[in-house]
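Below is one structure, written out as structure tokens; the observations come after it.
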Amino acid sequence: MYNLTDRSVVLGVTGSIAVYKAVDLASKLTQAGALVDVVMTREAAEFVRPITFQSVTGRRACWDMWDTGSDVPELHVALARRADILVVAPATATVIARLALGLAEEMVSLTALATRAPALVCPAMDPQMYEHPATQGHVETLRSRGVLLVGPEEGRLASGHRGRGRLSEVDTIMGAVRYVLGRTGDLAGKTVVVSAGGTQEPIDPVRYLGNHSSGKMGFALAEAARDRGARTVLVTAPVALADPYGVETVRVRRAAEMRDAVAAACGDAHALIMAAAVADYQPAEAAGQKIKREKLEGLTLSLVRTPDILAEAGRRPGLVRVGFAAESDELLANARHKLEAKGLDLIVANDITAPDAGFAVDTNRVTLLDREGGVEELPLMTKYEAAWRILDRVAERMTK
Ligand code: PMT
């Protein structure tokens, strides 16, 4: 059902200390429903034995191209044909050179040469090796052939040095795999704008009016839209989540800034989904300096309305507008009132009194209400699964 379910991922693992992260990657891909076949170089197998990969994927990991024990003749050709994507992580300078030159000297480069599946290469090496003109030339060659390079990242390396050479985080690589496999999804060619997080309305340089939104629901929506092929713009208030791979992320703080960013992104968009908890009011004036403790007692804040972003986004033909309603009582009646007041296509009613739904948790229990009077109550599910269900409804409306 999701874009990794039953997809064939060939994971090429090469000889870098970062191999240990590839075990986690193989495990997460498998847990997400992918069929993961690991091919390794002999050097990679010096760092981590194939049995480790076999244990997390449930499938035979292969490093020896002369291994005649396999019941599949020409295993590299079989894997190459079956692959929906080839991921090389970590990719050493040597293997990047082999991929660029088409040298099929071991299982990873052999499989890479034989496949026509999209390829994703995640370099990991000493920064001096990465910056070397030879490596840079090979990287450019791969890019010009449509290979997607992910990383390397800046940071501390196993050698103790710092620089650009670290393997990207596993979540980033997972995002890139989902992005590549999603490119042909049902939202390909569409632009989806999502808002996330809780806006912060400053009282002074230290304090603000805010709420408990963690951004998880909005980020899940943005990731799911990306995974179905949409160009996705995520406008987020301050949250502790990293920018999702392949999503154009705009960071804002106040409701007014979110309004401007959403308006700019909505110009040619097909859908706007407002999962953000936007402050309804802001202090009429923010103090320029920190308000001294003694002046806080009895302080009265004068509040003024913030812009209503969803209402301002207007009813442009072709723009599907979806709101959220986080409610602690009269869930459906309050949600329906907001749907009508803002003239929305769909509203997601979110009961925030349940401990496993609403703010900050990874799961949600929501009811979808549409402008035609339809009501769909969804059971408890992860926010990503809920996002997928919401997008099913958005996709239907886009084609209406
Ligand atoms: O971020 P998480 O921790 O994962 O939590 C997710 C969530 C609980 C924040 C999310 O699921 C949710 O319910 N978001 C809506 C929060 C809310 O109560 O919105 P509201 O009822 O104040 O507003 C209704 C709709 O109008 C929302 O879509 C809101 O984004 C939008 N709005 C509100 C005020 C405003 N000034 N402009 C708006 O566009």
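All figures in this text were calculated on a predicted structure; none of them were measured in a lab. All ligand and atom numbering here is 1-based and tracks the order in the structure. Counting begins at 1 with the first residue of the sequence.
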Applying side chain to side chain donor-acceptor pair (under 3.5 Å), run through E377 and T367 and close with a yes or a no.
CA-CA 4 Å; E377 194 181 335; T367 303; 5.1 Å; no
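Polar contact check, S195 against ligand 1: no nitrogen or oxygen pair lies under 3.5 Å apart. Close N/O approach between F324 and ligand 1 is found [any backbone or side-chain N/O within under 3.5 Å]. Between E327 and ligand 1, a contact under 3.5 Å exists for no N or O pair. For the pair G323 and ligand 1, the shortest N or O to N or O distance does not fall below 3.5 Å. The shortest N or O to N or O distance between V278 and ligand 1 is not under 3.5 Å. Considering both main-chain and side-chain atoms, A360 comes within under 3.5 Å of ligand 1 through a nitrogen or oxygen pair. Checked by distance only, ligand 1 and A276 come closer than 3.5 Å through their nitrogen or oxygen atoms. Residue contacts with ligand 1: V361 is placed with no nitrogen or oxygen under 3.5 Å of a nitrogen or oxygen of the ligand (distance criterion only). Taking only nitrogen or oxygen atoms, main chain and side chain alike, A277 does not reach within less than 3.5 Å of ligand 1.
Heavy atoms of A279 approach ligand 1 to within less than 4.0 angstrom. Residue contacts with ligand 1: M258 is excluded, as none of its non-hydrogen atoms falls under 4.0 Å. Residue A255 places no heavy atom under 4.0 Å from ligand 1.
Only backbone heavy atoms of P307 (N, CA, C or O) come within less than 4.0 Å of ligand 1; its side chain stays farther off. Residue contacts with ligand 1, taken as heavy atom pairs separated by less than 4.0 Å, involve A275 solely via the backbone atoms N, CA, C and O. The part of N350 lying near ligand 1 is the side chain, judged by heavy-atom distances below 4.0 Å.
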Under 3.5 Å, which donor-acceptor pairs link side chains of residues 280-292 to any protein atom two or more places apart or in another chain?
{"unit_1": "K292", "atom_1": "NZ", "unit_2": "K290", "atom_2": "O", "d": "3.3"}

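A salt bridge is absent between R321 and D345: the closest approach of a Lys/Arg side-chain nitrogen to an acidic carboxylate oxygen does not fall below 4.0 angstrom.
Distance from atom 22 (O) of ligand 1 to its nearest protein heavy atom, with residue and atom name: D280 OD2, 4.1 Å. The nearest heavy-atom contact from the protein to atom 17 (C) of ligand 1 is A326 N, 3.7 Å.
In this structure a side-chain-to-backbone donor-acceptor pair under 3.5 Å is missing from R143 to L149.
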